[in-house]
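Please read the structure below before turning to the comments.
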Number of protein chains: 2
Amino acid sequence: MQLDNDPQDPVWFDSWRGVLFASARILQVADRDMLEHDGFPLTWFDVLARLFDAPPAGMRMQELEELALFNRGGMTRLVDRIEAASLVRREPVPGDRRGVRVVLTAEGRNRYAAALLRHRQVIEREFGRRLTPAQHRAIADALWSWWHDVGPADATQDSG
Amino acid sequence: MQLDNDPQDPVWFDSWRGVLFASARILQVADRDMLEHDGFPLTWFDVLARLFDAPPAGMRMQELEELALFNRGGMTRLVDRIEAASLVRREPVPGDRRGVRVVLTAEGRNRYAAALLRHRQVIEREFGRRLTPAQHRAIADALWSWWHDVGPADATQDSG
DNA sequence: AGTCAGTAATTGCCAGAACAGGAACATTGC
DNA sequence: GCAATGTTCCTGTTCTGGCAATTACTGACT
């Protein structure tokens, strides 16, 4: 936010604006592209991705909810919609009749694979090609820990 | 997406995941914090920020809509809500009776300034302190062009 | 067995977001 | 002056998201 570049802004603020604007702009493009070509938005893609990487028995609703990047809460309704589109199936958990396992259908698997392929092309075009490999390496190293689940330690303390 | 780290993934994909996960996680925290302490979400903050940096005459709806980071369409309704909270005012455009200028009210200016102060503290805590200045500098340099409006040129061509 | 706190997921409700359509106005060319 | 075309913003409608309450079940304790 705060578009004008105030020369007294600390470095981390410029860095943050870069991360923020890049992801926001690229997601706008990617979401629109996915909706148009694959027929579902990134929120679905996020869920399908988790299930694709999950063991074949699928995942519990709670796990999905915790891992979801884009939507906080409302996972029941979201899975309802994805299920109505036959990309996903709810199955009983063997030993716990309260629980539900969410599993990819064959169609869901195929549609996800196709969407992933296209999505990667979009990201490559909008992001990958626009920086040098050295720049990508620097960013990947710096932000590595955010997608490796928990946030990293304080850089001013020594911890690695 | 695609949580597991496939060793054959290109560098730009790791880099992208870093940007994506970092911004998503940090925005979740920042949005919740702002809602709780300032009484409005990041979508409002985004609009207020544009107006704060705009000339005193304010901005047209269209400009706001184009620049908005978080909000896809529906700017009329969004400005309705912000206006109902007295943070913003619609004024006629002298010479074009279709048009509207959206202007910050005094209260809007104050509330924005307070929110910005707190927001920066949150970002510093969640992001600023977690990387070294060198890392921040690298990211800021690489992603500079995304918040300097249009995306950068292809890194494989020479353009700077 | 019977009760009771704890857990998993769904439902209802309302604010907010997305999308299409339309009214009011400006601008251009005749 | 007048019609044709594009702009600017709003309204109607439908869908999504967030939160609290609810249902259905489990596991432990008596």
Side-chain angles (χ1 to χ4, degrees), chain A residues 24 27-36 39-47 50-51 54 57-85 87-103, chain B residues 24 27-36 38-48 50-51 54 57-85 87-103:
Chain A
L27 285 176
Q28 282 179 348
V29 173
D31 195 31
R32 183 163 299 275
D33 182 273
M34 187 168 290
L35 211 48
E36 185 172 334
F40 51 77
L42 278 171
T43 49
W44 292 32
F45 185 73
D46 191 18
V47 170
R50 308 301 173 160
L51 294 175
M59 295 178 79
R60 301 290 287 259
M61 295 293 288
Q62 270 195 333
E63 295 178 88
L64 276 176
E65 186 128 15
E66 280 163 17
L67 293 178
L69 260 190
F70 299 126
N71 88 322
R72 199 130 189 71
M75 186 53 78
T76 296
R77 294 300 180 32
L78 179 55
V79 171
D80 282 351
R81 273 171 247 135
I82 306 180
E83 188 174 25
L87 304 187
V88 130
R89 197 173 51 235
R90 274 183 237 244
E91 295 190 346
V93 173
D96 186 347
R97 272 187 291 175
R98 295 167 303 183
V100 170
R101 295 178 299 147
V102 184
V103 184
Chain B
L27 285 177
Q28 283 178 350
V29 174
D31 194 30
R32 184 164 299 275
D33 182 274
M34 187 169 290
L35 211 49
E36 185 172 335
D38 302 298
F40 50 77
L42 277 172
T43 50
W44 291 30
F45 185 73
D46 191 16
V47 169
L48 297 178
R50 308 302 173 159
L51 294 174
M59 295 177 80
R60 301 291 286 256
M61 295 292 288
Q62 264 197 335
E63 294 179 90
L64 276 176
E65 185 128 16
E66 280 163 18
L67 293 179
L69 264 189
F70 301 126
N71 190 47
R72 226 206 239 347
M75 186 55 78
T76 296
R77 294 297 176 42
L78 179 55
V79 171
D80 282 350
R81 287 187 287 274
I82 305 180
E83 188 174 25
L87 304 188
V88 133
R89 197 173 49 236
R90 280 172 160 103
E91 295 190 346
V93 173
D96 185 346
R97 269 186 292 173
R98 296 167 304 180
V100 171
R101 295 178 298 146
V102 184
V103 184

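The sequence lines fix the lettering, A, B, ..., with proteins before strands; numbering per chain opens at 1.
Taking for each of A:L35 and A:R101 the nucleotide of DNA chain C with the nearest heavy atom, the 5'-most of the two is the partner of A:R101. Along DNA chain D, the nucleotide nearest A:R81 and the nucleotide nearest B:R60 are compared for position; the residue whose nucleotide lies closer to the 5' end is B:R60.
Following rounding to the nearest Å, A:R32 (CZ) and C:dC19 (C1') show an atom-to-atom distance of 11 Å. Summarising the geometry, the separation between CG on A:L64 and P on C:dT10 is reported as 11 Å, rounded to the nearest angstrom. In this structure, B:M75 places its CE atom 10 Å from P of C:dA18, rounding to the nearest Å. Between A:L78 atom CG and D:dG18 atom C1' there is a gap of 13 Å when expressed in whole angstrom units.
Here B:R90 lies in heavy-atom contact (under 4.0 Å) with sugar-phosphate atoms only. Residue-level contact check: B:G74 touches neither bases nor backbone, having no heavy atom under 4.0 Å from any strand.
Using modelled atom types, one side-chain atom of A:Q28 and one backbone atom of B:L69 make a donor-acceptor pair closer than 3.5 Å.
On a pure distance criterion of 3.5 Å, no polar donor-acceptor pair joins the side chain of A:R77 and the base of D:dT16. Residue-to-nucleotide contacts include no donor-acceptor pair under 3.5 Å from the side chain of A:R98 to the base of D:dT26.
Regarding contacts with the backbone of C:dA8, every side-chain N or O of A:R97 stays at 4.0 angstrom or more from both OP1 and OP2.
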